[in-house]
Amino acid sequence: MRIATFNVNGVNGRLPVLLRWLEETRPDVVCLQELKAPQEKFPEDAIAKAGYGTIWHGQKSWNGVAILARGGKPLETRRGLPDGLADDQSRYIEAAVNGLVIGCLYLPNGNPAPGPKFDYKLAWFARLHAYAAQLLEMGVPAVLAGDYNVMPTELDVYKPERWLTDALFRPEVRDAYAALVAQGWTDSLRQLHPGERLYTFWDYFRNAYARDAGLRIDHLLLSPSLAPALKAAEVDRHVRGWEKASDHAPTWIELAD
DNA sequence: ATGCCTAATCGCATTAGA
């Protein structure tokens with residue numbers, strides 16, 4: 001079973017790229033972030049024609065998350081983090097697919113830091129931490145996939161010293177990610193590629209992709225019961241080189257049945 | 001210290017991304 005995460009940076013502007021990639025790789029489950037489309041403007045029919053059923057949580061202009069399942073429709077289990085706190089940003093959606101809980105998240109960017117956006121990022125991270133702990137307590141097989149907007153370690157940044165004060169790399173944020181993983185989650189990509197420089201994002205600026213000036217910020221975390229099933233974890237980095245590409249590349253894992 | 005590039009919304013320049 002192949003599960004992918006892809007920050008599309010505009011699901012309508014990116015539709016040809018998304019469909020081309022779906023056709024090429026045929027993942028079983030796909031988590032999308034940054035739809036940048038209101039609920040009624042999600043391209044459900046075009047994606048259905050490609051063979052995928054979808055649930056999504058849209059928002060005008062910004063954010064937005066979706067889960068696609070090949071040959072079916074994901075059974076939605078949550079929309080927004082389940083702590084009852086008011087949050088007008090569409091950043092979390094969750095479904096049951098093939099006996100797994102799939103959480104699709106778009107963690108806030110948080111720049112500029114310090115400031116209210118950075119505070120919101122840390123608060124959102126704390127809410128995710130609390131809910132992730134609940135998932136582990138329930139003992140369900142779960143994948144938390146998405147754009148975490150965190151480079152976990154220096155190995156995940158092309159030039160760490162340049163990013164020390166950035167909201168994606170500040171110590172508080174790296175600590176929050178480490179604390180989340182320490183609950184018992186497995187960082188799939190790092191698990192299978194220890195010590196390797198792997199990026200999932202390349203800025204549009206300064207010819208970053210050609211220079212391989214990238215960041216690893218899209219992650220797939222596995223609950224303990226799923227960790228032994230991890231067979232592969234890769235980045236479809238060639239997709240970043242396509243015409244009209246997103247600044248993120250699709251990232252995926254393969255789990256044994 | 002700032003803009004670079006790109007999308008969305010707008011209807012031309014601004015906001016946000018990371």
Side-chain angles (χ1 to χ4, degrees), chain A residues 5-19 21 31-43 46 56-66 87-92 104-122 124-125 128 145-174 176-177 189 197-219 235 237 239-251:
Chain A
T5 182
F6 187 14
N7 178 323
V8 286
N9 188 8
V11 72
N12 286 303
R14 208 69 62 206
L15 192 57
V17 166
L18 175 61
L19 294 176
W21 169 74
C31 296
L32 299 180
Q33 303 86 32
E34 276 209 88
L35 305 179
K36 292 186 171 181
Q39 189 68 14
E40 65 276 14
K41 294 224 174 123
F42 184 88
W56 69 96
H57 191 196
Q59 183 184 327
K60 186 182 174 187
S61 299
W62 315 118
N63 311 315
V65 283
D87 190 348
D88 55 4
Q89 303 191 17
S90 300
R91 296 186 176 274
Y92 188 81
C104 171
L105 65 105
Y106 176 45
L107 214 129
N109 175 303
N111 277 307
K117 290 188 174 180
F118 190 62
D119 295 341
Y120 176 70
K121 177 177 196 167
L122 293 180
W124 207 94
F125 222 140
L128 178 65
D147 178 357
Y148 283 73
N149 270 315
V150 186
M151 297 84 89
T153 72
E154 296 196 345
L155 192 57
D156 304 308
V157 203
Y158 67 98
K159 196 168 275 200
E161 65 275 17
R162 286 261 177 97
W163 289 82
L164 288 172
T165 59
D166 190 278
L168 280 71
F169 199 53
R170 284 176 64 109
E172 305 95 308
V173 177
R174 276 186 274 166
Y177 184 83
L189 218 65
R197 289 206 168 271
L198 281 168
Y199 303 134
T200 66
F201 167 92
W202 296 262
D203 213 308
Y204 290 121
F205 302 166
R206 295 170 297 236
N207 212 16
Y209 180 60
R211 295 187 297 119
D212 199 26
L215 310 174
R216 188 174 75 94
I217 55 177
D218 299 276
H219 308 299
V235 181
R237 56 176 288 147
V239 175
R240 178 63 179 82
W242 288 354
E243 187 93 3
K244 297 272 286 176
S246 169
D247 39 8
H248 296 249
T251 305

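All of these numbers come straight from a predicted model, not from anything done at the bench. Throughout, a chain's letter reflects where its sequence line sits, starting with A, and its residues are numbered from 1.
In this structure, A/Leu107 places its CG atom 14 Å from C1' of B/dG17, rounding to the nearest Å. Here the P atom of nucleotide B/dT15 and the CG atom of A/Asn63 are 17 Å apart, to the nearest Å. Between the CE atom of A/Met151 and the C1' atom of B/dG17 there is a distance of 14 Å, given to the nearest Å. Taking atom CG on A/Asn7 and atom P on B/dA7, their separation rounds to 13 Å, with Å as the unit. Note: CZ (A/Phe118) to C1' (B/dA16) measures 18 Å, nearest angstrom. Rounded to whole Å, atom C1' of B/dA16 lies 17 Å from atom CD of A/Gln33. With rounding to whole Å, A/Lys60 atom NZ is found 14 Å from B/dA7 atom C1'. Between A/Asn111 atom CG and B/dA1 atom C1' there is a gap of 15 Å when expressed in whole angstrom units.
Residues meeting the side-chain hydrogen bond (donor to acceptor under 3.5 Å, both in side chains) test with A/Ser61, sequence neighbours left out: none. For A/Phe169, the ring pair (Phe, Tyr, Trp, His ring centres under 6.0 Å) test picks out no residue, with sequence neighbours left out. The ring pair (Phe, Tyr, Trp, His ring centres under 6.0 Å) check on A/His248 picks up A/Phe201, with sequence neighbours excluded. The side-chain hydrogen bond (donor to acceptor under 3.5 Å, both in side chains) check on A/Asp87 picks up A/Tyr120, A/Trp124, A/Arg127, with sequence neighbours excluded. Every residue meeting the salt bridge (Lys or Arg N to Asp or Glu O under 4.0 Å) condition with A/Arg237, not counting sequence neighbours, appears here in chain and number order: A/Asp212. Scored by the ring pair (Phe, Tyr, Trp, His ring centres under 6.0 Å) test, A/Phe118 finds no partners at all (sequence neighbours excluded).
Comparing the P positions of B/dA13 and B/dA1 gives an interatomic distance of 29 Å, to the nearest angstrom. Taking atom P in both B/dT2 and B/dT6, one finds a spacing of 23 Å when rounded to whole Å.
The aromatic rings of A/Phe42 and A/Trp56 lie parallel to each other, with less than 30° between the two planes, well short of the 60° mark.
Where A/Leu168 and A/Val11 meet DNA chain B, the nucleotide closest to each residue was compared, and A/Val11 sits on the side nearer the 5' end.
Pairs passing the salt bridge (Lys or Arg N to Asp or Glu O under 4.0 Å) check and including a residue from residues 161-170 of chain A, sequence neighbours excluded, read A/Arg170-A/Glu172.
With a cut-off of 3.5 Å on both pairing distances, the Watson-Crick and G-U wobble pairs of DNA chain B assemble into stems of 3 or more at B:5-9 with B:13-17.
Looking at heavy-atom distances under 4.0 Å, A/Asp218 makes no contact with the nucleic acid at all. Using a 4.0 Å heavy-atom distance criterion, A/Phe169 is classed as making no nucleic acid contact. Heavy atoms of A/Lys117 sit under 4.0 angstrom from primed sugar atoms or phosphate atoms, though from no base atom.
There is a side-chain donor-acceptor pair under 3.5 Å between A/Asn9 and A/Tyr204.
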Sub-3.5 Å pairs of nitrogen or oxygen atoms, protein against nucleotides 4-6 of chain B:
unit_1	atom_1	unit_2	atom_2	d
B/dC4	N3	A/Arg206	NH1	3.1
B/dC5	O4'	A/Tyr204	O	3.4

